[in-house]
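Values below: every heavy atom of this structure, side chains too, minus hydrogens, waters and symmetry copies. Both counts, for ligands and for their atoms, begin at 1 and track the order of listing.
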Amino acid sequence: MSVKPLRECGPAARIAVIAGDGIGKEVTPESVKAIRSAITSARRQIEFVEFDWGADKFLREGVSLPAGAVEMLANEFDAILFGALGDPRVPSNQHAADILLGLRFKLDLFVNARPVELFHDRLTPLRDRSANDIRFMVFRENTEGLYVGVGGFFKKDTPDEIAVQEDVNSRKGVERIIRHAFDYARRNQLKRVCMSDKSNAMNFAHDLWQRVFKQVLQEYPEIESRHLYIDTLAMEVVRDPRQFDVIVTCNLFGDIISDLGAQLAGGLGLAPSGNIHPGRTSLFEPVHGSAPNIAGKGIANPLGSILTSGMMLDFLGWKSEGDALRNAVRSALQENFVTPDLGGDKGTVEVGDWIAKRVGDR
Ligand SMILES: NC(=O)c1ccc[n+]([C@@H]2O[C@H](COP(=O)([O-])OP(=O)(O)OC[C@H]3O[C@@H](n4cnc5c(N)ncnc54)[C@H](O)[C@@H]3O)[C@@H](O)[C@H]2O)c1
């Protein structure tokens, strides 16, 4: 079956590269190197344009997300390859919020796709689980929920203080992420979709999730649909991850359950993600942050960023190139050609060079 890409970029793609801060600046060039090595066919072309948005620029010029940036990215680029943001010199993290949350919300990137795939048995903390046992996709709603910043303080900084944070769920927002999860399952011939909420306690917001889920699942009769409360899901994912193909949930729960998934599959250094709006400019970033504790030492693991690039190539419809990156990462793990966080002794650039060569040799 041929799978329709989420973005029709044809034979040429334009990619905005925002490496950001800390180890973002170290791992992102390794990703670009790997992509260049994967794009060998004359039928494909890729243009990278780098943007220096991050803490240095913010501290120097007071600019986080420049004026007109969102429109420029939406109109002129197919995708954004992102590193990480966060710098101890900016304790408020203002620039990171402006850039990353700004792009997520303003580009309406409503899908946060976080694949959980164990590439090598030794990397999971679960006993008696092998690579075939841990392979599922988490879709987290990315533009609503508790993260929209609606709320306020009353009697702030007094003993009677009250803080309110609203959980915002629109029918349109809930429906499009649930539908995306089912479409993904159908496109990839996966059998099971699990929706997770806390409708037993959150009897308005998650009642909406319940009703929309029951409505949408009827359009996908070939897919086994299931519901689990989020606390049960957290237990079941650890007890037996083989039960899951696709999980879909709200912003807060997706944030947490996908991090749990990342640990089951080797940890932060290996976890990729995509912030996606099908058909529109979308943003791909490794799950990890800027890791100031190891930044500048040349030991950051570039594999999470390289797997992220694989997701970006899939999004562009360049599946065989995406597979080439994933296969090279699998080989690096098998041969233990890895950075210290995975028990190896290699540096960021060494691993990046190894991957690029392996991809090029295929
Ligand atoms: N999307 C993002 O840009 C993003 C995400 C998370 C955190 N942050 C920011 O990053 C900064 C640091 O946050 P944190 O320390 O909580 O999270 P972090 O992900 O940066 O680091 C957590 C731990 O994991 C290690 N680690 C992370 N990625 C690694 C890699 N590729 N290779 C080897 N080790 C790796 C770090 O050394 C650290 O010990 C903060 O400013 C935070 O706000 C940004």
Side-chain angles (χ1 to χ4, degrees), residues 16-31 34 51-59 64-65 80-105 107 109 112-114 119 123 125 140 142 147 251-252 254-256 258-263 265-276 282-309 311-312 329 332-333 336-352 354-355:
V17 180
I18 306 172
D21 303 328
I23 64 166
K25 288 198 254 198
E26 298 172 48
V27 298
T28 311
E30 302 312 313
S31 244
F51 295 92
D52 65 348
W53 307 340
D56 286 340
K57 188 180 179 72
F58 182 66
L59 291 167
S64 51
L65 190 61
I80 303 160
L81 179 61
F82 191 89
L85 285 170
D87 188 303
R89 293 171 300 163
V90 188
S92 67
N93 233 4
Q94 183 61 48
H95 70 299
D98 289 353
I99 297 172
L100 191 52
L101 297 183
L103 292 177
R104 277 187 191 164
F105 283 99
L107 292 171
L109 304 176
N112 192 308
R114 296 267 304 259
F119 281 94
L123 295 170
R140 158 188 170 192
N142 211 27
Y147 290 18
N251 207 336
L252 173 68
D255 194 358
I256 298 167
S258 57
D259 270 18
L260 189 154
Q263 281 308 325
L268 272 179
L270 275 176
S273 83
N275 298 264
I276 297 170
S282 295
L283 184 152
F284 296 83
E285 56 172 334
V287 169
H288 63 74
S290 57
N293 58 337
I294 58 164
K297 295 185 179 161
I299 54 166
N301 185 350
L303 298 181
S305 178
I306 291 168
L307 291 171
T308 296
S309 295
M311 289 181 76
M312 185 176 77
V329 168
L333 293 167
N336 210 22
F337 201 96
V338 291
T339 43
D341 57 306
L342 296 181
D345 59 0
K346 306 295 182 250
T348 311
V349 175
E350 246 178 310
V351 173
W354 193 96
I355 295 280

Enumerate donor-acceptor pairs with a distance under 3.5 Å from any side-chain N or O in residues 285-292 to protein atoms, sequence neighbours excluded.
| from | atom 1 | to | atom 2 | distance (Å) |
| --- | --- | --- | --- | --- |
| Glu285 | OE2 | Arg104 | NH2 | 2.9 |
| Glu285 | OE2 | Asn275 | ND2 | 3.0 |
| Ser290 | OG | Gly86 | O | 2.7 |

Task: Leu342 versus Leu303, closest heavy-atom pair with distance - done: CD1-CD1, 4.4 Å
Open item on the list: Just to confirm my output: which protein heavy-atom neighbour is closest to atom 35 (C) of ligand 1, and how far is it?
Closed with: Ile294 CD1, 4.0 Å
Task: Residue selection (non-hydrogen contact nearest atom 21 (O) of ligand 1) among Ala291, Gly22, Ala96 - done: Ala291
Open item on the list: Applying a heavy-atom cut-off of 4.0 Å, say which part of Ile299 lies close to ligand 1: side chain, backbone, both or neither.
Closed with: neither
TODO: In sequence, state the C-alpha distance, the side-chain angles, and the governing distance for Leu85 and Ile18, and then conclude on side-chain contact (heavy atoms from CB on, under 4.5 Å).
DONE: CA-CA 9 Å; Leu85 285 170; Ile18 306 172; 5.6 Å; no
TODO: Report, in ascending order of atom number, the atoms of ligand 1 lying under 4.0 Å from any heavy atom of Ala84.
DONE: 3 (O)
TODO: Under 4.0 Å, heavy atoms only, figure out whether ligand 1 is touched by the backbone of Leu100, its side chain, both or neither.
DONE: side chain
TODO: Please check if the side chain of Ser273 supplies one atom and the backbone of Arg114 the other of a donor-acceptor pair under 3.5 Å.
DONE: no
Task: Reported CD1-to-CG distance for the pair Ile99 and Asn93, which is rounded to 0.5 angstrom - done: 10.0 Å
Open item on the list: If we set the cut-off at 4.0 Å for heavy atoms, which region of Pro302 has an atom near ligand 1: side chain, backbone, both, or neither?
Closed with: neither
TODO: Give the numbers and elements of all ligand 1 atoms closer than 4.0 Å to a heavy atom of Ala300.
DONE: 32 (N)
Task: Per-atom contacts, ligand 1 versus Ile23 - under 4.0 Å to a heavy atom - done: 28 (N), 29 (C), 30 (C), 31 (N)
Open item on the list: Show me which atoms of ligand 1 lie under 4.0 Å from any heavy atom of Glu285.
Closed with: 1 (N)
- [ ] List the steps, then state whether side-chain contact (heavy atoms from CB on, under 4.5 Å) holds for Thr308 with Ser31.
- [x] CA-CA 8 Å; Thr308 296; Ser31 244; 5.7 Å; no
TODO: Just need the protein heavy atom nearest to atom 23 (C) of ligand 1, so name the residue and atom and give the distance.
DONE: Leu268 CD1, 4.3 Å
Task: Protein heavy-atom partner closest to atom 41 (O) of ligand 1 - residue, atom, separation in Å - done: Gly86 CA, 3.3 Å
Open item on the list: Which of the numbered atoms in ligand 1 are under 4.0 angstrom from any heavy atom belonging to Pro292?
Closed with: 12 (C)
TODO: Test His95 against Asp87 for side chain to side chain donor-acceptor pair (under 3.5 Å), laying out the working first.
DONE: CA-CA 9 Å; His95 70 299; Asp87 188 303; over 6 Å; no
TODO: Pick whichever of Asn301, Leu101, Asp87 has a heavy atom sitting closest to atom 30 (C) of ligand 1.
DONE: Asn301
Task: Salt-bridge present (Asp56, Arg89; N to O < 4.0 Å) - done: yes
- [ ] Looking only at non-hydrogen atoms, find the nearest pair between Glu26 and Ala300 and report the distance.
- [x] OE1-CB, 4.4 Å
TODO: Please report which non-hydrogen protein atom sits nearest to atom 43 (O) of ligand 1, along with the residue it belongs to and the distance in Å to one decimal place.
DONE: Asn93 ND2, 2.9 Å
Open item on the list: One residue to check: Thr339. Relative to ligand 1, which of side chain, backbone, both or neither has a non-hydrogen atom less than 4.0 Å away?
Closed with: neither
Open item on the list: Checking a contact table here: which protein heavy atom is nearest atom 36 (C) of ligand 1, and how many Å away?
Closed with: Asn293 OD1, 3.5 Å
Open item on the list: Nearest 0.5 angstrom please: Asp255 CG to Leu260 CG, how far?
Closed with: 12.0 Å
Open item on the list: Testing the basics here: between Thr339 and Thr348, what is the closest heavy-atom pair and its distance to 0.1 Å?
Closed with: CG2-N, 4.2 Å
Open item on the list: Students should be able to answer this: which protein heavy-atom is nearest to atom 44 (C) of ligand 1, and at what distance?
Closed with: Leu85 O, 3.0 Å
Task: Shortest protein contact, atom 19 (O) of ligand 1 (heavy atom only) - done: Gly289 N, 2.7 Å
- [ ] Taking the side chain as every heavy atom from C-beta outward, state whether Val338 and Lys346 have any pair of such atoms under 4.5 Å apart.
- [x] no
TODO: List the closest protein heavy-atom neighbour of atom 28 (N) of ligand 1: residue, atom name, distance to the nearest 0.1 Å.
DONE: His288 CB, 3.1 Å
